[in-house]
Amino acid sequence: MNGGAVTAVLALGSNLGESRDTLSDAVAQLADHPGVRLQAVSPVVRTRPVGGPDQPDYLNLVVSVETDLAPHDLLAHCQAVENAHHRVREVRWGPRTLDVDIITYGDLVLDDETLTLPHPRAATRAFVLQPWAWMDPDAVLSGTPVAELAASAEDLPGLEIFEGD
């Protein structure tokens with residue numbers, strides 16, 4: 001399915017435990033695979049939760065990787081990193097130690113029972129779009145500049161660069 005290296009954009013979030021350390025560790029673990037090479041990392045942002053139950057603020061970041069992995073193999077790798085951080089899926093949009101989403105995989109459009117690309121909600125979420133736009137000002141999602149999408153995202157107010165507590 002994959003005939004060579006593809007650039008993928010991944011979004012990471014955490015709001016349980018030592019979130020900053022979790023995100024740093026997760027980026028390292030994602031890149032610690034022979035089929036994944038880290039290209040760029042966005043600033044970390046603090047955001048209010050979107051949807052789901054009452055819960056702590058999130059720390060989020062976006063990374064760009066070059067990968068030789070097929071899309072479902074990359075998904076399995078992302079889920080293995082989540083599992084290494086004791087990710088539990090009990091409540092939809094609930095708090096989590098770590099969430100790793102594939103936002104884009106090259107220009108691939110895919111919708112099956114386990115993976116939808118581009119990520120179906122990425123175009124409306126400032127916690128994905130704004131860090132991505134800072135990381136790659138020329139990024140485009142489904143034909144629209146990511147910075148433009150970020151500017152109109154409903155959750156943009158309250159998003160801030162995380163300087164550490």
Side-chain angles (χ1 to χ4, degrees), residues 1-15 19 22-24 26-27 29-31 33 35-52 57-82 87 89 92-94 96 98-162:
M1 183 170 203
N2 182 8
V6 172
T7 297
V9 173
L10 311 177
L12 290 74
S14 173
N15 73 339
S19 294
T22 297
L23 292 176
S24 294
V27 169
Q29 290 167 325
L30 287 165
H33 185 292
V36 177
R37 290 162 301 285
L38 190 61
Q39 292 182 313
V41 180
S42 77
V44 175
V45 296
R46 183 196 309 265
T47 59
R48 292 193 289 270
V50 176
D57 286 352
Y58 277 85
L59 295 185
N60 295 92
L61 63 80
V62 174
V63 299
S64 173
V65 299
E66 183 181 68
T67 184
D68 303 315
L69 298 176
H72 289 90
D73 294 335
L74 180 60
L75 177 64
H77 178 51
C78 291
Q79 290 173 339
V81 171
E82 288 178 337
R87 166 70 192 267
R89 289 174 171 80
R92 183 170 169 85
W93 296 324
R96 70 263 331 239
L98 180 64
D99 186 33
V100 181
D101 288 330
I102 302 173
I103 304 304
T104 61
Y105 180 93
D107 294 326
L108 182 66
V109 175
L110 176 70
D111 189 0
D112 67 25
E113 63 281 351
T114 57
L115 185 58
T116 302
L117 294 170
H119 189 286
R121 290 171 297 283
T124 61
R125 293 190 165 168
F127 64 85
V128 171
L129 298 166
Q130 189 59 66
W132 186 7
W134 286 329
M135 178 184 78
D136 181 359
D138 299 322
V140 174
L141 178 61
S142 301
T144 305
V146 170
E148 184 179 312
L149 293 169
S152 61
E154 286 183 20
D155 61 323
L156 186 61
L159 179 147
E160 60 189 24
I161 293 205
F162 177 69

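Starting from 1, each residue takes its place in the sequence as its number. We use all heavy atoms of the structure for the numbers below, so side chains are in, but hydrogens, waters and symmetry mates are not.
Residues meeting the side chain to side chain donor-acceptor pair (under 3.5 Å) test with T104, sequence neighbours left out: none. Residues satisfying the side chain to side chain contact (heavy atoms under 4.5 Å, CB included) test with H77, not counting sequence neighbours, are L30, H33, V36, L69, V81. Every residue two or more places apart in sequence or in another chain was checked for a side chain to side chain donor-acceptor pair (under 3.5 Å) with T7, and none qualifies. In terms of the side chain to side chain contact (heavy atoms under 4.5 Å, CB included) criterion, residue partners of S24 (sequence neighbours excluded) are, by chain and number, R20. Every residue two or more places apart in sequence or in another chain that forms a salt bridge (Lys or Arg N to Asp or Glu O under 4.0 Å) with R37 is listed here: E66, D68. By the salt bridge (Lys or Arg N to Asp or Glu O under 4.0 Å) test, E160 is found to be paired with R46, residues two or more places apart in sequence or in another chain being considered. For L115, the side chain to side chain contact (heavy atoms under 4.5 Å, CB included) partners at least two apart in sequence or on another chain are P71, H72, L75, I102, L110, D112, L117. Under the side chain to side chain donor-acceptor pair (under 3.5 Å) criterion, S64 pairs with Q39, not counting sequence neighbours. With sequence neighbours left out, T47 forms a side chain to side chain contact (heavy atoms under 4.5 Å, CB included) with V45, Y58, N60, F127, L159.
Within the 3.5 Å criterion, the main-chain N or O of A126 finds a donor-acceptor partner in the side chain of D155. Side chain of T67 to backbone of V6: no donor-acceptor contact under 3.5 angstrom is found.
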Please tabulate, for the side chains in residues 134-147, all donor-acceptor contacts under 3.5 angstrom to protein atoms that are two or more places apart in sequence or on a different chain.
from, atom 1, to, atom 2, distance (Å)
D136, OD1, D138, N, 3.2
D136, OD1, A139, N, 3.4

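Interatomic distance, L74 CG to C78 SG, rounded to the nearest 0.5 Å: 4.5 Å. To the nearest 0.5 Å, atoms CG (D101) and OG1 (T116) are separated by 11.0 Å. Note that CG of L98 is 6.5 Å distant from OG of S14, once rounded to the nearest 0.5 Å. Rounded to the nearest 0.5 Å, atoms CD (Q29) and OG1 (T22) are 9.0 Å apart. The CZ atom of R48 sits 14.0 Å away from atom CG of N15, with the distance rounded to the nearest 0.5 Å.
The side-chain contact (heavy atoms from CB on, under 4.5 Å) test with W132 is passed by exactly one of L149, L61, V9: V9.
The side-chain heavy atoms of V100 and Q79, taken from C-beta on, include no pair separated by under 4.5 Å.
Contact record, L129 with A123: CD1-O, 3.4 Å, taken as the closest heavy-atom pair.
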Derivation of the side-chain contact (heavy atoms from CB on, under 4.5 Å) call for I103 and V62: CA-CA 9 Å; I103 304 304; V62 174; 5.8 Å; no
